[in-house]
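Below, read A as the first sequence line, B as the second, and so on, with proteins coming before strands; counting in each chain starts at 1. As the structure is a prediction and not an experimental result, all values here were calculated from the model.
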Amino acid sequence: MDDTYTTAYNPKHTEEKWYRFWEENNLFTAKPDPSKKPFCIVIPPPNVTGILHMGHALNNTIQDILIRYHRMKGDETLWMPGTDHAGIATQNVVEKAIAKEGLKRQDLGREKFIERVWQWKQQYGSTIINQLKRLGASCDWRHSRFTMDEGYSQAVTEVFVRLYKKGVIYQDNYIVNWCPRCQTALSDEEAPHKEIEGNLYYIRYPLLIDQRSSVISQGAKRNKHQIANDYIVVATTRPETMLGDTAVAVNPKDKRYNKLIGATVILPLIKREIRIIADSIVDMEFGTGAVKVTPAHDPNDYLLGKKHKLEFVNIMYPDGRLNENADVFKGMDRFEARQAVVEALTKEGLLEKIEPHILSAGHCYRCDTLVEPYLSKQWFVKMKPLARPAIRVVKQAKIRFYPKKWTRIYLNWMENIRDWCISRQIWWGHRLPVYYCRRCYKEELVTTRGSDTTKGVIVSSVRPQRCPECGYEDIYQDEDVLDTWFSSWLWPFATFGWPFKIEDDKERSKKEAELRYFYPTSVLVTASEIIFFWVARMIMAGIEFMKDIPFKDVYIHGTVRDIEGKKMSKSLGNIIDPLEIINEYGADALRFSLISLTATGQDIFLSKDKFHQGRNFANKIWNAARFVIMNLDMSKTNTDLCVFFEKEQLSIFNRWILSRFYSTLKKVNAALDNYRFNDVANLLYGFLWHDFCDWYLEIIKYDIRNPHNQLVMYKILEEFLRALHPVMPFITEDIWQRIHKDNIHNGSIMVQSWPHIHEEMIDRKTERMTEIIFEVIRKIRNMRVEIEIKPEQTIEVSIYPHKATVKRLIKENSGIIIALGRLNRLNILDSYKRPQSTISDITGQTDIFLHFGGIIDVAKEKKKIEEKLISERNRYDSKNKLLKKVDFIKKAPKEVVEGIRQAVQESKDKIEHLERVYNELL
RNA sequence: GGGCGCAUGGCUCAGUUGGUUAGAGCGCUACACUCACAUUGUAGAGGUCAUAGGUUCGAAUCCUAUUGCGCCCACCA
């Protein structure tokens with residue numbers, strides 16, 4: 001016993017030590033081995049800027065469990081790690097860092113800024129990796145990749161060029177989600193909608209007099225109500241955008257307005273003359289039924305603008321301030337301008353009313369700024385052709401989602417997929433492999449997509465020397481970088497080195513072989529938040545470039561929330577830091593508690609005290625192991641194993657614990673294979689705590705030197721440690737090393753084989769018989785408490801077993817009943833005869849009499865039996881009723897009917913017995 | 001507006017294809033430091049499975065509606 005073998009488990013003594021041991025012995029590495037089945041998971045790459053949060057802890061615990069389980073099962077197991085460059089997020093972090101020096105990225109310039117980001121990455125990029133190691137993650141770190149690695153970047157470029165040549169990537173002007181703070185375009189997925197409380201502003205647009213009179217003179221009746229004044233009223237939530245209006249639209253069927261179609265109105269404040277147009281897209285029910293059209297600032301209006309050949313007036317700078325087209329409002333921020341416009345309109349009497357209005361609008365997923373629909377020239381991926389095969393593989397169940405419900409959500413998104421905006425106006429990321437000829441390319445903003453937009457555009461993985469069209473040498477590269485997810489979607493194969501642009505033939509063929517061996521990967525473990533960002537796109541990219549699915553299973557776990565159900569976030573201050581939990585309770589405790597709470601697909605509601613269970617469990621295992629080791633004759637453990645499974649020679653308790661263990665193990669296997677992690681945790685917990693510690697160890701304490709007991713307790717502990725290892729790797733390694741102290745060359749528990757299920761040891765009958773003994777002991781203890789017998793005092797008990805088999809059972813195991821019931825004498829009665837001065841209780845199989853010096857409270861005794869009689873009679877009645885139902889006999893399965901019949905008989909016997917006992921008490 | 005999920009003891013949740021008396025952890029009550037473990041042990045209390053109908057021999061489980069809560073998606077300004 002060394003000094004670390006204290007009564008309380010201290011994870012600090014084990015975790016760091018064994019992680020180093022595993023790494024130093026290269027136990028995490030994998031390479032293709034044709035004789036084994038491959039098992040591979042690619043990690044959802046955390047952001048380089050990231051620090052470990054509970055979501056990571058859960059996500060990576062699950063992956064590590066699967067990885068360690070399959071490694072022990074003998075699969076060639078690769079967990080591919082890495083980090084994501086996380087364009088916008090990282091750029092934001094570094095911008096904040098340089099802001100402390102009073103610098104903006106523009107002050108440094110692109111090249112210097114990117115240098116700073118790389119520096120930052122060198123310094124902090126491994127933070128999250130080290131934190132994953134603290135968690136126990138058994139990734140093959142030698143394979144670790146970063147999405148901006150040179151080789152990986154080649155994959156990104158290659159993919160862009162291929163898709164462009166295929167016609168799947170195009171450049172176009174479009175209204176995109178624009179974040180004025182990050183000053184970049186975002187994809188639809190990056191701008192999630194949130195409800196905001198806004199207003200609906202009703203604005204009067206004056207009708208041009210001569211137009212109006214001509215309309216009226218032609219028109220039959222003038223609708224007094226709708227055009228009582230010289231205005232048409234439009235409703236908008238963003239009044240400042242009126243400065244960019246180039247039309248007003250009404251529904252052609254709208255009787256209120258159809259006389260006005262073609263008329264001209266004066267745009268207030270700007271005094272621009274704009275037309276009233278008709279389009280069926282306009283909803284007559286909403287607002288006034290007349291809508292202002294701002295083609296440069298609203299996706300719907302953009303379409304209208306194109307259709308009706310309207311002018312596109314952009315009124316905003318990229319930072320959200322209004323530009324020169326906004327006249328006197330130039331320079332104001334968009335929200336400031338909203339105020340000013342409203343005030344100006346009010347002053348002119350053109351604001352009819354303001355109504356509160358809840359609307360939902362996009363917000364930047366990186367900085368939460370309200371997104372502005374903004375017209376700009378961007379690059380897009382046509383998604384429909386990529387989606388089609390990705391829909392098929394899921395419909396054909398080549399890829400399965402766990403839990404199933406995500407399948408529909410995935411398919412629904414895929415079937416309604418829209419084109420993906422992939423260009424970002426930031427600096428940190430993969431620069432687009434797009435070059436322009438200064439002579440051929442026209443940069444004008446507003447053009448319709450047509451054949452000539454590609455003129456002078458050169459898409460190439462290497463910088464071209466001259467324009468292929470005109471030979472001009474003045475070539476410049478596109479300033480934009482690609483969406484981070486445009487690199488992440490290649491993760492399952494680009495991490496292996498695809499497209500293998502490697503000089504060295506040997507190295508290349510080695511890498512190619514690796515990809516062939518491990519692709520498609522086995523399972524992807526992730527949170528629901530990134531199904532669309534990442535999972536769906538990986539499926540598309542995998543099929544497009546590998547001609548095969550990237551993974552077979554997708555396991556979606558829940559979101560980690562605080563105890564009130566709120567997402568954990570820094571701003572809410574409700575974060576529970578996994579590192580803090582690891583420091584306080586240990587990584588094993590963290591892992592165990594997390595997965596014991598993660599029912600398939602359910603969100604996890606966490607509070608700090610939830611980790612007590614994991615900590616307590618670790619401590620229980622630790623002390624159970626201490627007990628075993630302290631009492632174990634180590635010299636015998638390994639040599640005698642060959643004679644181990646001579647089942648008949650073993651005591652009922654040995655047979656019982658073996659049966660319990662292997663039936664538990666069987667369920668654990670099934671749970672692991674079906675991603676039911678909370679079951680895994682609870683099964684192992686229940687077995688160790690209640691079966692092994694509460695009963696088994698307590699029983700064998702009384703005969704601890706018995707060689708069978710020695711063997712079985714050793715064997716169970718050893719195999720239990722292996723079965724628990726994927727969940728709690730550190731403590732299991734530490735104890736395993738202690739029981740293998742003499743032959744450390746066995747290596748590590750993590751490369752031992754997964755315990756084999758000995759089906760022949762699973763024995764329901766033994767379990768039932770053992771349960772009878774336990775029941776007797778429980779009843780005796782219960783009766784002691786009832787009449788307040790002190791724990792140290794021993795007592796006399798008599799038992800009347802109802803059946804001969806039970807009698808034999810009690811007789812054979814009377815020693816244990818005496819010990820655990822704290823008896824000085826146990827009498828086994830041949831027939832029912834109530835001994836004097838006893839209180840009694842009845843189990844399913846026995847009558848128990850506790851000899852008692854004091855006066856028996858007969859009324860209490862009777863009441864106890866009465867209660868039993870009532871419940872037994874109820875049971876009898878309900879079951880007997882069932883048996884009398886013809887339909888039940890006819891329709892229910894035979895086994896069920898037979899079961900009920902037996903139960904009725906047993907119930908009847910029991911009632912008779914109870915009645916007899918009751919009468920004797922008189 | 002569309003879609004999805006959840007309502008089970010004081011709290012947090014399990015309950016796999018409907019089948020005999022619905023489980024666990026925490027908390028609670030009583031007793032106990034009998035040396036593996038007080039991060040513990042022993043015993044116990046506590047649930048008409050949200051509501052109303054329906055299907056069925058039989059429903060926590062399947063169907064319908066209602067109520068409450070949560071989430072996702074969406075170009076009604």
Write down the distance between [atom1] ([X]) and [atom2] ([N]), rounded to a whole number of angstrom.
X      : N     : atom1 : atom2 : value
A/Y685 : B/C26 : OH    : C1'   : 10 Å
A/W406 : B/G3  : CH2   : C1'   : 12 Å
A/N412 : B/C73 : CG    : P     : 11 Å
A/D188 : B/C72 : CG    : P     : 16 Å
A/E788 : B/A30 : CD    : P     : 13 Å
A/F592 : B/A24 : CZ    : P     : 15 Å
A/N300 : B/A74 : CG    : P     : 14 Å
A/F401 : B/C4  : CZ    : P     : 17 Å

Under 3.5 Å, is there a donor-acceptor pair linking the side chains of [X] and [Y]?
X      : Y      : result
A/D694 : A/H690 : yes
A/N678 : A/S596 : no
A/N251 : A/D283 : no
A/S376 : A/Q378 : yes

Result of checking A/R781, A/K868, A/R784, A/R778 against A/D841 for salt bridge (Lys or Arg N to Asp or Glu O under 4.0 Å):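 Between A/D841 and the candidates, salt bridge (Lys or Arg N to Asp or Glu O under 4.0 Å) is satisfied uniquely by A/K868.
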In 5'-to-3' order, the base (B), backbone-only (S) or no-contact (-) status of each nucleotide in nucleotides 9-22 of chain B, using a 4.0 angstrom heavy-atom cut-off, is ---SSSS---BBB-
Take nucleotides 34-44 of chain B nucleotide by nucleotide from the 5' end and write B, S or -, depending on whether a protein heavy atom sits under 4.0 Å from the base, only from the sugar-phosphate, or from neither. --BB-BSSSSS
Whole-Å [atom1] distance, [N] and [M]:
N     : M     : atom1 : result
B/A14 : B/U55 : P     : 31 Å
B/C71 : B/G53 : P     : 32 Å
B/C4  : B/A74 : C1'   : 15 Å
B/C35 : B/U42 : P     : 14 Å
B/A36 : B/G70 : C1'   : 45 Å
B/G27 : B/A65 : P     : 42 Å
B/C49 : B/A24 : C1'   : 16 Å
B/G46 : B/U29 : C1'   : 11 Å

For A/R400, does the CZ atom have more than 12 heavy-atom neighbours from other residues, nucleotides or ligands under 6.0 Å away? no
Looking at A/E792, I'd like to know if its CD atom is crowded, meaning that more than 12 non-hydrogen atoms belonging to other residues, nucleotides or ligands lie closer than 6.0 Å.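 Counting other residues, nucleotides and ligands, CD of A/E792 exceeds 12 neighbours.
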Is the charged tip of A/K701 near the ring of A/F627: under 6.0 Å from the six-membered ring centre and within 45° of its axis?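 Yes, a cation-pi geometry.
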Which word best sums up how the rings of [X] and [Y] line up, parallel for under 30°, tilted for 30 to 60°, or perpendicular for over 60°?
X      : Y      : value
A/F720 : A/F617 : perpendicular
A/W413 : A/F532 : parallel
A/W178 : A/Y374 : tilted

Across the strands shown, which category fits [X] at heavy-atom distances under 4.0 angstrom: base, sugar-phosphate, nothing?
X      : value
A/H297 : nothing
A/R901 : nothing
A/R238 : nothing

RNA chain B base-pair string [pairs: Watson-Crick or G-U under 3.5 Å; |: paired with another strand]: (((((((..((((.....[...)))).(((((.......))))).....(((((..]....))))))))))))....
Exactly one candidate in A/F401, A/Y402, A/Y675 meets ring-ring contact (aromatic ring centres under 6.0 Å, His included) with A/Y555; the answer is A/Y675
Would you please confirm or rule out a distance under 4.0 Å between OP1 or OP2 of B/C72 and any side-chain N or O of A/H193?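 Looking at the OP1 and OP2 atoms of B/C72, neither is under 4.0 Å from any side-chain N or O of A/H193.
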Are A/H690 and B/G25 close enough that a side-chain N or O sits under 4.0 Å from OP1 or OP2?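 The answer is yes; a side-chain N or O of A/H690 sits under 4.0 Å from OP1 or OP2.
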Between A/E195 and A/A235, which is nearer to the 5' end of RNA chain B once each is assigned its nearest nucleotide?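 Checking each residue's closest nucleotide, the 5'-ward one belongs to A/E195.
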Salt bridge flag under 4.0 Å for residues A/R615 and A/D588: no
Side chain of A/S360, heavy atoms from C-beta onward: which of B/C72, B/A74, B/A77 has the nearest atom to it? B/A74
When only distance counts, do a donor and an acceptor, one from the side chain of A/T294 and one from the base of B/A77, lie under 3.5 Å apart?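 Absent.
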